[in-house]
Amino acid sequence: MTSTDQSPSANFIRYIIIDDLQAHKYDRQIMTRFPPEPNGYLHIGHAKSICLNFGLAAEFAGVCNLRFDDTNPSRENIEYVESIQEDVRWLGFDWENRLHYASDYFEQIYDYAVQLIQKGKAYVCSLSADEIRQYRGTLTEPGKDSPCRNRTVEENMDLFTRMRNGEFPDGAHVLRAKIDMASSNVVMRDPAIYRIRRASHHRTGDKWCIYPMYDFAHCLSDSIEGITHSICTLEFENNRALYDWVLDALGVACHPQQIEFARLNLTYAVLSKRKMIELVENGYVNGWSDPRMPSISGIRRRGYPPEAIRNFCERIGVAKRDSTVDMALLEHCVRENLNESTPRVMAVLNPLRIVIDNYPEDQVEWLEAPYHPDNQQMGSRNLPFSRVLYIEADDFMEDPPKKFYRLAPGREVRLRYAFYIKCERMIKDEQTGEIQELHCTYDPETRGGGAPDGRKVKATLHWVSADHAIGAEVRLYDHLFTRPDPDGAKDGTDFKTFINPDSLKKLTACRLEPELANAAPGSRYQFERLGYFCVDTVDSCETALVFNRTVTLKDEWAKIQKK
RNA sequence: UGGGGCGUCGUCAAGCGGUAAGACACAGGAUUUUGGUUCCUGCAUUCGGAGGUUCGAAUCCUCCCGCCCCAGCCA
């Protein structure tokens with residue numbers, strides 16, 4: 001964790017912990033946990049939970065466990081447990097020796113189920129899934145008791161043992177908690193806590209053919225680990241009654257407090273596992289690590305630094321109201337971090353050739369350019385300047401509007417860290433009228449970029465020397481969706497309808513200053529006046545550099561143009 | 001229409017009976033060899049609505065309105 005991390009802001013969970021600490025509620029350190037199900041990749045919404053759980057533990061001298069909630073072998077797999085660990089680690093958190101799996105507790109959880117049966121608080125139900133649904137009633141009508149509800153303890157023990165022994169086919173029986181079929185909270189209408197599922201588990205293999213349900217396994221896993229504060233999202237609020245019921249019914253020593261908070265939503269993005277899978281599987285994006293995806297692997301490849309994500313998670317706060325955070329805040333956090341951490345470098349994305357007519361044919365001079373304007377510690381490099389250069393095509397206009405103060409016929413501008421140049425004439429394609437190259441003159445007195453006579457120039461342009469520049473592909477990313485609320489259409493229009501067709505633009509004729517030839521995969525730079533970019537970790541290689549645009553610089557001129 | 005939650009600036013979000021923090025966004029201005037950064041300034045007489053209690057209410061009470069979650073042998 002770095003010093004740039006945001007200082008903690010007030011939130012209700014922090015207050016609960018402070019109160020608990022002051023009341024000496026625990027005779028030990030506080031303990032939280034991040035409990036992902038290994039059935040998909042993590043996204044920035046999970047980052048909020050990870051930062052919350054690990055952050056709170058760190059702040060109050062406690063610890064946070066990483067626990068895989070792997071109770072459903074038919075949807076989970078090892079690939080996900082690995083990617084999840086990689087992502088949590090990348091975010092900057094360390095679970096040390098506290099890596100756990102709910103599956104590690106299967107034997108204990110089974111014993112607890114037996115205890116429940118023996119206390120007359122659970123029974124084996126032989127209704128079909130469909131029948132159970134019918135017996136459950138509706139939101140407004142109570143359910144009715146299963147005909148199996150009054151089986152004897154002996155009968156239940158016999159059946160449950162045989163369930164474990166594999167004597168029944170999948171779905172034949174289910175173990176249910178005996179609570180209240182008339183409860184106004186549907187979760188409490190004798191919920192299933194164990195089902196028969198003949199599926200090979202990624203950790204326990206074929207040892208089990210019955211698996212505990214979330215509501216049974218989660219609270220017990222928390223209890224077994226000694227969790228003090230079990231933080232989860234709002235949709236589990238109704239389940240808290242069951243969480244507490246199970247732990248009370250069993251009379252366990254450790255009864256953690258479940259606390260719910262609102263999950264993160266982001267504008268111009270879609271954060272549900274189901275929708276992200278849809279994007280990946282139908283090829284709308286190139287896999288989970290596509291830089292346009294809000295997955296942790298996507299934003300990592302995009303170049304977002306982990307510090308920026310942590311900062312973002314602190315700034316958005318933690319509360320119970322449903323909310324959608326503006327993507328602009330995330331981008332702000334990314335720029336804030338990159339602004340100070342990143343070396344400045346020059347790259348021309350859409351090259352326009354310019355010839356300096358009064359510059360000697362074969363001359364090259366090397367001009368010193370600092371890597372960071374406000375941090376000399378980052379050092380400098382020398383840039384080659386020669387007769388033929390490239391500048392950004394957008395930096396020239398034949399017929400400039402009022403507020404355009406870059407290069408135009410007859411106008412003088414500065415080339416960053418180099419010279420003042422003046423546009424003398426342009427060469428156009430006679431057929432298309434397209435501008436092919438510019439002819440300029442330079443003022444040798446302005447070497448380095450300052451004019452001895454004090455004359456001012458309105459713009460400074462980035463540039464590269466044509467003979468020295470190296471080529472690269474640059475990928476420009478934009479929001480994946482065209483509307484801030486892709487799944488908010490009143491008429492129910494599918495979110496995929498709003499995919500931004502311009503969310504990815506590949507530029508293949510980019511010219512970069514020679515220094516970049518050695519750029520390592522993953523390294524981040526600011527391309528002056530353009531934005532922050534990083535070397536792609538998948539497609540880039542020494543002979544064919546590929547850069548991803550992480551985020552643009554704020555752009556006053558772009559704003560003016562929009563008006 | 002049952003139960004559980006939530007409603008404070010465009011977006012997040014503090015506030016917990018003493019008279020509306022902060023951030024992002026937005027709008028001006030200063031500085032600037034990045035139209036970047038930095039720095040100033042502005043931006044809720046009002047807290048979903050209506051009543052009530054109180055010297056005093058976003059905070060307490062009542063009623064109303066709106067939004068979210070729950071009827072998986074998913075988590």
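Here is how names work: the chains are called A, B, and so on, in the same order as the sequence lines, proteins then strands, and each is numbered from 1.
- No contact: A/Phe419 has no heavy atom under 4.0 Å from any strand.
- Across B/C6 and B/C74, the matching P atoms stand 30 Å from one another, rounded to whole Å.
- Nucleotide B/G7 forms a Watson-Crick or G-U wobble pair with B/C65, both donor-acceptor distances falling under 3.5 Å.
- Pair check for B/G36 finds none; no Watson-Crick or G-U wobble contact set falls under 3.5 Å.
- Distance check on atom C1': B/U11 versus B/C26 gives 11 Å, rounded to whole Å.
- Salt-bridge annotation for A/Glu392 and A/Arg529: absent, with no side-chain N of the basic residue lying under 4.0 Å from a carboxylate O of the acidic one.
- As a whole-Å value, the separation of A/Asn339 CG from B/U32 P is 18 Å.
- Across the C1' atoms, B/G3 and B/G18 are found 38 Å apart, a figure rounded to whole Å.
- Identified under the salt bridge (Lys or Arg N to Asp or Glu O under 4.0 Å) test for residues 35-51 of chain A, with sequence neighbours left out: A/Glu37-A/Arg75.
- With sequence neighbours excluded, the residues forming a ring pair (Phe, Tyr, Trp, His ring centres under 6.0 Å) with A/Tyr41 are A/Tyr80, A/Trp288, listed by chain and number.
- Nucleic acid contact class of A/Thr324 (heavy atoms, under 4.0 Å, all strands): sugar-phosphate only.
- If you take CG of A/Asp395 and C1' of B/G36, they are 14 Å apart, rounded to a whole angstrom.
- Across the protein-nucleic acid pair, A/Asn11 atom CG and B/C12 atom C1' stand 13 Å apart, rounded to whole Å.
- Residue contacts for A/Val318: at a heavy-atom cut-off of 4.0 Å it reaches the sugar-phosphate backbone alone, with no base atom in range.
- Under the 90° criterion around 0 for the glycosidic angle, B/G48 counts as anti.
- The distance between atom OH of A/Tyr417 and atom P of B/G36, rounded to the nearest whole Å, is 15 Å.
- A 3.5 Å limit on both hydrogen-bonding distances identifies no Watson-Crick or G-U partner for B/U59.
- B/C26 is paired with B/G42 under the criterion used here, namely a Watson-Crick or G-U wobble arrangement in which both key atom distances are under 3.5 Å.
- When all heavy atoms of A/Ile84 and A/Gly40 are compared, the pair lying nearest together is CD1-O, 3.9 Å.
- Across all strands, A/Gln526 comes closer than 4.0 Å to base atoms (heavy-atom distances).
- Judged as a side chain to side chain donor-acceptor pair (under 3.5 Å), and not counting sequence neighbours, A/Asn382 has no contacts.
- Using cut-offs of 30° and 60° for the angle between ring planes, the A/Phe236 and A/Tyr214 rings count as tilted.
- Checked against ring pair (Phe, Tyr, Trp, His ring centres under 6.0 Å), A/His479 has the following partners two or more places apart in sequence or in another chain: A/Tyr268.
- Projected onto RNA chain B by closest heavy-atom contact, A/Val325 and A/Glu528 fall at different nucleotides, the more 5' of which corresponds to A/Val325.
- With the nearest nucleotide of RNA chain B identified for both A/Lys48 and A/Arg240, A/Arg240 has the one nearer the 5' end.
- Applying the 3.5 Å distance criterion, the base of B/U37 shares no donor-acceptor pair with the side chain of A/Glu340.
- The side chain of A/Tyr532 contributes no N or O atom lying less than 4.0 Å from OP1 or OP2 of B/U37.
- Atoms CZ (A/Arg14) and C1' (B/A14) sit 12 Å apart, rounded to a whole Å.
- On the C1' atoms, B/C70 is 28 Å away from B/U8, given to the nearest whole Å.
- Checked for salt-bridge contact, A/Arg33 and A/Asp69 miss the test: no charged N lies under 4.0 Å from a carboxylate O.
- Using a cutoff of 4.0 Å between basic side-chain nitrogens and carboxylate oxygens, A/Asp222 and A/Arg67 are scored as salt-bridged.
- Among residues two or more places apart in sequence or in another chain, the ring pair (Phe, Tyr, Trp, His ring centres under 6.0 Å) test is passed with A/Phe385 by A/Tyr359, A/Phe419, A/Trp463.
- Summarising the geometry, the separation between CZ on A/Arg321 and P on B/U11 is reported as 11 Å, rounded to the nearest angstrom.
- Counting only residues at least two apart or in different chains, salt bridge (Lys or Arg N to Asp or Glu O under 4.0 Å) contacts with residues 183-197 of chain A comprise A/Arg149-A/Asp190.
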Could you go through nucleotides 25-29 of chain B and list every protein N or O atom that sits under 3.5 Å from one of its N or O atoms, giving the distance for each pair?
none

request  = Produce a footprint string for nucleotides 70-75 of chain B: one letter per nucleotide, 5' end first; B if the base is under 4.0 Å from any protein heavy atom, S if only the sugar-phosphate is, - if neither.
outcome  = BBSBBB
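- The base-pairing partner of B/C16, taking Watson-Crick or G-U wobble contacts with both distances under 3.5 Å, does not exist among the strands shown.
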Restricting both atoms to N or O, compile the protein contacts to nucleotides 65-67 of chain B shorter than 3.5 Å, with distance only.
none

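- Nearest nucleotide to the A/Ser323 side chain, out of B/G2, B/U34, B/C12: B/C12.
- A gap of 13 Å separates the P atoms of B/C40 and B/G22, to the nearest Å.
- For A/Arg315, whose side chain is taken as the heavy atoms from C-beta onward, the closest listed nucleotide among B/A23, B/C6, B/U1 is B/A23.
- Taking atom P in both B/G36 and B/C69, one finds a spacing of 42 Å when rounded to whole Å.
- The distance between atom CD of A/Glu314 and atom C1' of B/C24, rounded to the nearest whole Å, is 15 Å.
- Using a 4.0 Å cut-off between charged side-chain N and carboxylate O, A/Lys458 and A/Glu412 make no salt bridge.
- Every residue meeting the side chain to side chain donor-acceptor pair (under 3.5 Å) condition with A/Lys275, not counting sequence neighbours, appears here in chain and number order: A/Asp487.
- Among the atoms of the strands shown, base atoms are found under 4.0 Å from some heavy atom of A/Ile560.
- If you check every strand for non-hydrogen atoms under 4.0 Å, A/Gly143 touches nothing.
- The distance between atom CG of A/Asp180 and atom P of B/G2, rounded to the nearest whole Å, is 18 Å.
- Every residue two or more places apart in sequence or in another chain that forms a ring pair (Phe, Tyr, Trp, His ring centres under 6.0 Å) with A/Phe160 is listed here: A/Tyr110, A/Tyr194.
- Using atom C1' as the reference point in both B/G66 and B/G72, the two lie 29 Å apart (nearest Å).
- A distance of about 22 Å separates the C1' atoms of B/C16 and B/A23, rounded to the whole Å.
- Sorted by first and then second residue, the pairs that involve residues 317-334 of chain A and meet salt bridge (Lys or Arg N to Asp or Glu O under 4.0 Å), not counting sequence neighbours, are A/Glu237-A/Lys320, A/Glu260-A/Lys320.
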